[in-house]
Amino acid sequence: MRFSGWRILKEGLTGNSGWTPQWRDPEPKEAYDIVIIGGGGHGLSTAYYLAREHGLRNVAVLEKGWIGGGNVGRNTTIVRANYGLPGNSEFYSHSLKLWEGLEQELNYNVMFSQRGVINLYHSDGQRDAFVRRGNAMVNQGDDAILLDRAALRRKLPYLDFDTARFPVLGGLYHPRGGTARHDAVAWGYARGADSRGVDLIQNCEVTGIDIDAGRVTGVQTSRGAIRAGKVGIVVAGRSSQVAAMAGLRLPIESHVLQAFVTEGLKPVIDQVVTFGMGHFYISQSDKGGLVFGGDLDGYASYAQRGNLPLVEHVMEAGMALMPMIGKARVLRSWGGIMDMSPDGSPVIDRTGIEGLYLNCGWCYGGFKAVPASGHCFAHLLATDRPHAAAAGFRLDRFRSGEGIMDEEATGAQHNLH
Amino acid sequence: MRIAGKGLLDRSKPVAFRFDGVRYEGLEGDTLASALLANGVRLMGRSFKYHRPRGVLSAGSEEPNALVTIGRGADRIPNTRATVQEIFSGLDAVSQNRWPSLAVDLLGLNDLAAPFLGAGFYYKTFMWPAAFWEKLYEPAIRRAAGLGALSGQADGDVYDRAYAFCDLLVIGAGPAGLMAALVAGRAGADVILADEDARMGGRLLSETGAVGEEAGVSWAGEVLAELESLPNVRLMRRTTVVGPYDQGTFGALERLGHHLPHRGGGPLECFWRIVARRSILAAGALERPIAFRDNDRPGIMTAGAVRSYLNRWGVSPGRAVTVFGNNDDAHRTARDLVDAGVHVAGLIDSRHDAPQSDLFPVYRGAQVCGSAGRRGLENITIRSIAGEDRLQTDCLAVSGGWNPSLHLTCHMNTRPHWREDIAAFVPAPGAVPGLSAAGACNGTFSTAGCLREGAAAARAALEDLGRTAPPVVVPEAEDDPYRITPLWAVAGRGRAWLDFQNDVTVKDVKQAAAENFRSVEHMKRYTTQGMATDQGKSSNVAALAVLADVTGRSIPETGATGFRPPYSPVAIAALGAGGSGKGFAPERQTTSHAASLDRGAPMIEAGLWYRPSFFPAPGEKTWRQSCDREVRMVREAVGICDVSTLGKIDIQGPDAARLLDFVYTNGFGSLQVGRVRYGLMLREDGYVMDDGTTARLADQQYLMTTTTAAAGDVMRHLEFVTQGLHPDWDVRLISVTEQWAQFAVAGPWARALLNGLLDAPLADGDWPFMACGEVSVMGVAGRLFRISFSGEHAYELAVPARYGEALFRELVARAEGLGGGPYGMEALNVLRIEKGLITHAEIDGRTTAFDLGLGRMLSSKKDFIGKTLAQRPGLLAADRQRLVGLKPVGAVKLITAGAHLFAAEAEPLRANDQGWVSSTAFSPTLGHQIALGFLSRGPERLGEVVKMVDHLRGVETLCEVVAPVFFDPEGGRARG
Amino acid sequence: MRISCPLCGPRDRREFYYRGAAVALQRPAADAGEDAWQAYVFLRDNPAGVTRDLWYHAQGCGAWLVVTRDTASHEILATELAAEVAS
């Protein structure tokens, strides 16, 4: 079914009785050419691009719970391409371009809103670091504008410019960045993959990976064995556990990242704003809730929930930056499990096992990567060659030291990125 | 309308307030909701999507409909539940999400378009043309969405945060909570009893039943009086426990000022972190409505809320009340109303075996299938075997049963259990470590059951705490069985609301299922069911039941929606109390802070420290003029700079040298007493962590200095090495950063200045470059280090911090006598760039010793932190971007930090990117701009002209690649 | 979250700095080879369950602790001084 305003009109006039499932719930087949483990944003987009770009339709996505139930359904919905280092630059640039045509391509309104992202700076040193990053963005062909204090004050008059502990001196403005409706991204890709013949299999937990003579042959699941020519692991948050089924030990430590939404409010924050002196980023959803977050809680965790010290720290940062949000009430907080890698950048690569591919290590930046991650992972799965935009995401970069992409420059301590 | 003889309020205490500009009168103890109902006001809000007129649904914090804004000025508070807001003299409440008025809301037109605005409609349209989303569709949606509005002004209210500790936290002061607190309190345990209500007693305040020999409310009063008298019990009223966290920590919000006309500077709210060894959840239960066509009109509310308004506040929400229920508890509402003299037009009970009554007509086996009334309920339609009947009524009290308030037990992601007999979820045992549930929140609905469970939970907690429970008699009370036959939604045409605030109807849930959003999480997200400000407290279970029904599964098979903290919404200002303004981070000041301010120095942040940027002299108009003068002053005379912010770590013990040898890349074993050495520190992954000098003060005593930024990191690192890797080494560390004030005395006249100040002049030859030792400064024992960060003949003089300010003033005065003076961060930066000395602009966490030209400092004779991984091929690759100097050679003379470097003819694209500029300055010494940067194969390209491009600042400059030391490359000035 | 420091008693998580898996205590010899160093600095078992990790009582006594903890429930099972574990 093609979605459109006309369809809504027609259905509305006929009692909304004609809507059909947006994807099927097929029984798993005995074998597929490619099995994708993980029905999150990245897994679904991988399946979609396998079918669309490479004509590979004998594909299954195996999801332990419900599709879109992982981090694609619990994040702060920010989309941006404001990275500074080669390897990341070209990848996120590629992703942003895919975002820009996504709704029309998927025929699904994921509400990608290019509201602009502003990173605030509070010292000359921080300004220069942002300039370095902004220049990398422009070199890459993306957009970056340096705002001085006066220009920033016009855009964000509600910031505490005058009494803040760390004065706001300006910002790095990325107009093409913005937000998207996170669940819709998962659903749009799911619908697109399903309509091209991909089997999305929910409530199907992978319990083992079958390997014969160094080559993957299939997976064991809670719904029986499934043979596969190739298997892609795309389970950020659980990467270590699934990879361990194939005997792999990953450079990943799992951490919880909390996020928050307030009660609905009339429009008050137009852009995505991030604080340079404390981990804090905020935007306002179309429904009116302020959506915001901060740093990791900072200890390895799979609990999908955090603790008060971080909660309070995020709120302090909010009050420090924009004290006009004080009366907004936090409605809900949640925690997602992040695959933290040693340099804060992801892995899209082959493994030492033939036919087994890995997509992991997205840290807290996976949402904006959904289109390009799937696009590039599909390319790797289909062709056995890395996509040019993701060629830097090698698993062996820590061993060789070549192409380390440490944007935060905090070194090989997983929780610091 | 107020009912004579009913309620717990003092009729002699009227309170005047305003709602939408109209003056009303209520009574002290009223909520805004009860006072408005007493005044006959039913319309209090508009729904989110269809802007339907709404009145109160509940009498508590779960209220989805009656959300108002309190106040009109900068500190107005949006989205306040009228059911929680206590009235006070001068209260000014305003309705929200309507235009132009609550009664006439033009966005009510949305309701007419409802067939086209069903579940998820917005995912299917607004896509063409693409650019219209940001320009047209989204702005319109955003304007229509949202509830109340923030003022846009900084929050000027006072908030607080505090810690509390106890043996037992009891959450909720109804019958179960009071009983638990009484048992634990009498046992001598430290008890905190917290309740969200202004008045403790819970459901006892809303019911007429007896406890023991007296009215329940009297019993509650006596228990509270006893608890008040116990020094080990703390009662926290207006305090909502919002979430459990690990190891017995709970977050709780105390509302201190929302009910006061004048707060006298006191806080509006206090956010508590309560640490409890054990806890009892006694949060009661919330009544749920039943979905039927147009079940959302003002005047339709839960049956328990009607009892609350009647029995606690003395208000009948209607003149001709009807009751609709599927359980025995609904009948209690009708009885109480009749007892109070209110006309009950009928009780509609969906059960064929419902009890009869001679007080009011009972429609057994019947259902309410519709309602009418423009801005409030006027009549309902009843469907039974006999057909459909219409009944005039202005208030319908609905009871679909009760949901235990188990929210806190879901916050740690444990799913509750379904109990068929009460058609409700109950907490999973052990869901929160140390917490047990008692009473209605545990599915025990009779008053007697609540009292028994409260006592039992307290006894169990006391046993865990190693205390003996005192003998406490649990009083007699109503012990009726809870009889219910589930009814979630009445079949029929039209829209039947589940989630009132978000306008989610039964049809929406069915459509979601038809589109294969069959997982409860999918349904929730697709329809927005349960995503409103009440987190679906009154609607989630019914929506789940509808989904179960339409998908042919049982409720437990379908799942259970979770709840997330906070239990009820908490203001950002309370959670972040103290964070605004200067409160966000500590302020660290050096001993020369006041003296620097005296001289008009603008202070800049350096981490948590403040340091002077420059010291303006008379006539100087720009920072550059001051900076240039200060640089020349140091090069030509003598300058004084406070360098106390650098980290200082005192390291002592027989193995101190081993430690230094292990954390620095270069050797320290050969460092003599009285000498200083520059050291480079790596992280274990082979990148540079920090640099600094270390002085050997005595045979087994060293003083390490770190950069300002890395002082804490280095201290922690040394502790890790000594405790975690080499606990066998006999070495001790302590940070002495704040114990010593330290000043650079730099310039050709540095020695002359010091010789006038020190009690013993520096003998020629005794103080070569990199010497250190003890000195006496005007009778004060100090330390002197012959080190230089400016390239000049320089010293750093340290005295105990209490002498810092006096010494700084003295040094500056003497420097001025020699043609010098103080210099700030700007000049310090220029001086070090002229000398090619690195700071954290260069040690940026991604650079290696090789990149910095310090590869020779990596000793091959010993192991040290970072040694092995620094040898990785990628960290030694010839094409790495490595430190160089840059100077402008073309028409454009400006070099900017953060610019990227390209071959002179190359396009400024990523593929051609060869490096970047890390630090830049105008050198008054050389008369042109200079810079440090990193360039691929840089040291091999000295003399080459490259192009610097700063897109953001619009600068493009041709630069010659030069060695990074611009001034006095031989270092003769520092050594001489 | 609260951690019992063996020296200071139960303290709020705010007082502690987290470093990661306690594998950091087992530093390989400089010449132990690439695999050993890979495993030491980058690779992690990362269990969803009981783990041992390193915490530093930064705003307390300055002790490094080995905390035995369940990453799924946040239950803390034991705390020891790193100096005692390492020696």
Side-chain angles (χ1 to χ4, degrees), chain A residues 3 5 8 12 16 19 21-23 66 89 103-104 108-109 113-114 128 131-132 134-135 138-140 146 158 163 165-166 183-184 263-268 286-288 304 307-308 312 315-316 318-320 323-334 400-402 406 409-412, chain B residues 77 79 115-116 118 121 123-127 134 138 141-142 145-147 149-150 152-155 245 251 413 511 514-516 519 521-522 525 533 564-565 569-573 575-576 579-582 584-585 683 685 687 844-846 872-875 897-898 900 909-910 913 916 951-952:
Chain A
F3 291 155
I8 287 177
N16 283 303
W19 298 111
Q22 296 196 5
W23 51 81
W66 38 282
S89 279
E103 284 146 350
Q104 290 68 31
Y108 211 88
N109 190 352
S113 172
Q114 295 185 288
D128 293 345
V131 169
R132 179 184 173 194
N135 278 316
V138 179
N139 291 338
Q140 172 61 37
L146 189 67
Y158 52 79
T163 65
R165 172 68 178 83
F166 297 106
D183 291 323
E263 297 176 337
L265 296 158
K266 292 296 174 194
V268 64
D286 287 341
K287 249 189 99 186
Q304 291 200 327
N307 271 288
L308 282 175
E312 295 175 36
M315 307 297 157
E316 287 168 18
M319 291 305 291
M324 64 102 186
I325 63 173
K327 293 280 196 283
R329 294 196 190 94
V330 177
L331 168 61
R332 219 168 41 238
S333 62
W334 64 94
S400 69
E402 283 161 14
D406 186 356
T410 45
Chain B
I77 307 174
N79 301 342
F116 315 109
F121 76 95
Y123 300 127
K124 300 168 181 166
T125 183
F126 302 137
M127 287 181 270
E134 283 89 351
E138 192 182 37
I141 291 172
R142 284 170 84 90
L147 298 164
L150 292 172
Q153 315 275 314
D155 192 329
Y245 296 89
N413 296 328
Q511 187 196 320
E515 295 189 79
N516 203 13
S519 149
E521 288 289 345
H522 280 155
R525 289 155 185 263
T533 60
R564 299 197 177 279
V570 182
I572 290 174
L575 286 161
S580 56
K582 295 284 187 274
F584 179 63
R683 300 189 308 235
D685 65 359
Y687 291 85
D844 74 345
R846 288 182 285 254
R872 286 182 287 169
L875 274 66
H900 286 238
L909 301 173
R910 177 182 52 80
D913 200 340
W916 58 288
H951 301 285
L952 269 61

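Each chain gets a letter, A, B and so on, in the order the sequences are listed, and its residues count up from 1. What you see is a predicted model; the values in this text were computed from it and never measured. Heavy atoms only: backbone and side chains are in, while hydrogens, waters and symmetry mates are out.
- Annotation: side chain of Lys582(B) is in contact with side chain of Arg165(A) (closest heavy-atom distance under 4.5 Å).
- Proximity to chain B involves both the backbone and the side chain of Val330(A), based on heavy atoms less than 4.5 angstrom apart.
- Within the 4.5 angstrom heavy-atom criterion, atoms from both the backbone and the side chain of Asp844(B) approach chain A.
- The closest side-chain heavy-atom distance from Phe3(A) to Tyr123(B) is not below 4.5 Å.
- Scanning both residues, Ala320(A) and Gly579(B), for their nearest heavy atoms gives CB-O, 3.3 Å.
- With respect to chain B, the highest number of heavy-atom pairs below 4.5 Å among Val131(A), Leu331(A), Asn135(A) belongs to Asn135(A).
- Listed options Glu521(B), Arg872(B), Gln511(B), Gln153(B) were ranked by heavy-atom pairs under 4.5 angstrom with chain A; first place goes to Arg872(B).
- Of the possible donor and acceptor atoms, one in the side chain of Asn413(B) sits under 3.5 Å from a partner among the backbone N and O of Gln304(A).
- When all heavy atoms of Gln114(A) and Glu134(B) are compared, the pair lying nearest together is N-OE2, 2.5 Å.
- Scanning both residues, Ala409(A) and Arg846(B), for their nearest heavy atoms gives CB-NH1, 3.8 Å.
- For the atom pair CG of Leu150(B) and CE of Met324(A), the computed distance is 6.5 Å after rounding to the nearest 0.5 Å.
- With hydrogens and angles disregarded, a donor-acceptor distance shorter than 3.5 Å links the side chain of Asp685(B) to the backbone of Ala412(A).
- Residue with the most contacts toward chain B among Asp128(A), Leu146(A), Asn16(A): Asp128(A) (heavy-atom pairs, distance under 4.5 Å).
- Taking the side chain as every heavy atom from C-beta outward, Trp66(A) and Arg525(B) approach each other to under 4.5 Å.
- Remark: side-chain polar atoms of Ser333(A) are paired, donor with acceptor, to backbone N or O of Pro565(B) under 3.5 angstrom.
- In this structure, CD on Glu312(A) lies 13.5 Å from CD1 on Ile572(B), to the nearest 0.5 angstrom.
- Heavy-atom pairs under 4.5 Å with chain A peak, among Ala149(B), Pro873(B), Gly251(B), at Pro873(B).
- At a 4.5 Å heavy-atom cutoff, the contact between Asp286(A) and chain B is made by backbone and side-chain atoms alike.
- The part of Ser519(B) that comes within reach of chain A is its side chain, from C-beta onward, which places non-hydrogen atoms under 4.5 angstrom from that chain.
- Put simply, of Ser113(A), Gly318(A), Pro267(A), the one with the most heavy-atom pairs under 4.5 Å next to chain B is Ser113(A).
- Between chain B and the residues Glu316(A), Gln22(A), Lys327(A), Met319(A), the largest count of heavy-atom pairs under 4.5 Å involves Lys327(A).
- Per-residue heavy-atom pair counts under 4.5 Å with chain A were compared for Ile141(B), Ile77(B), Asp913(B), Asp155(B), and the maximum is reached by Asp155(B).
- Shown here are the salt bridge (Lys or Arg N to Asp or Glu O under 4.0 Å) partners of Glu263(A), two or more places apart in sequence or in another chain: Arg329(A), Arg81(B).
- Between the side chain of Asn516(B) and the backbone N or O of Trp23(A) there is at least one donor-acceptor pair closer than 3.5 Å.
- The parts of Arg142(B) that come within reach of chain A are both its backbone and its side chain, each placing non-hydrogen atoms under 4.5 angstrom from that chain.
- Asn109(A) places a side-chain N or O within donor-acceptor distance of the main-chain N or O of Thr125(B), the cut-off being under 3.5 Å.
- Remark: side-chain polar atoms of Lys124(B) are not paired, donor with acceptor, to backbone N or O of Tyr108(A) under 3.5 angstrom.
- Every residue was checked against the ring pair (Phe, Tyr, Trp, His ring centres under 6.0 Å) condition with Tyr687(B), not counting sequence neighbours, and none meets it.
- Counting heavy-atom pairs closer than 4.5 Å to chain B, the top-ranked of the candidates Ser89(A), Gly411(A), Gly288(A) is Gly411(A).
- Atom-to-atom distance recorded for Lys287(A):NZ and Leu147(B):CG is 8.0 Å, nearest 0.5 angstrom.
- The closest donor-acceptor contact from the side chain of Asn307(A) to the backbone of Tyr245(B) lies at 3.5 Å or more, if one exists at all.
- Heavy atoms of Thr410(A) lying under 4.5 Å from chain B belong exclusively to its backbone.
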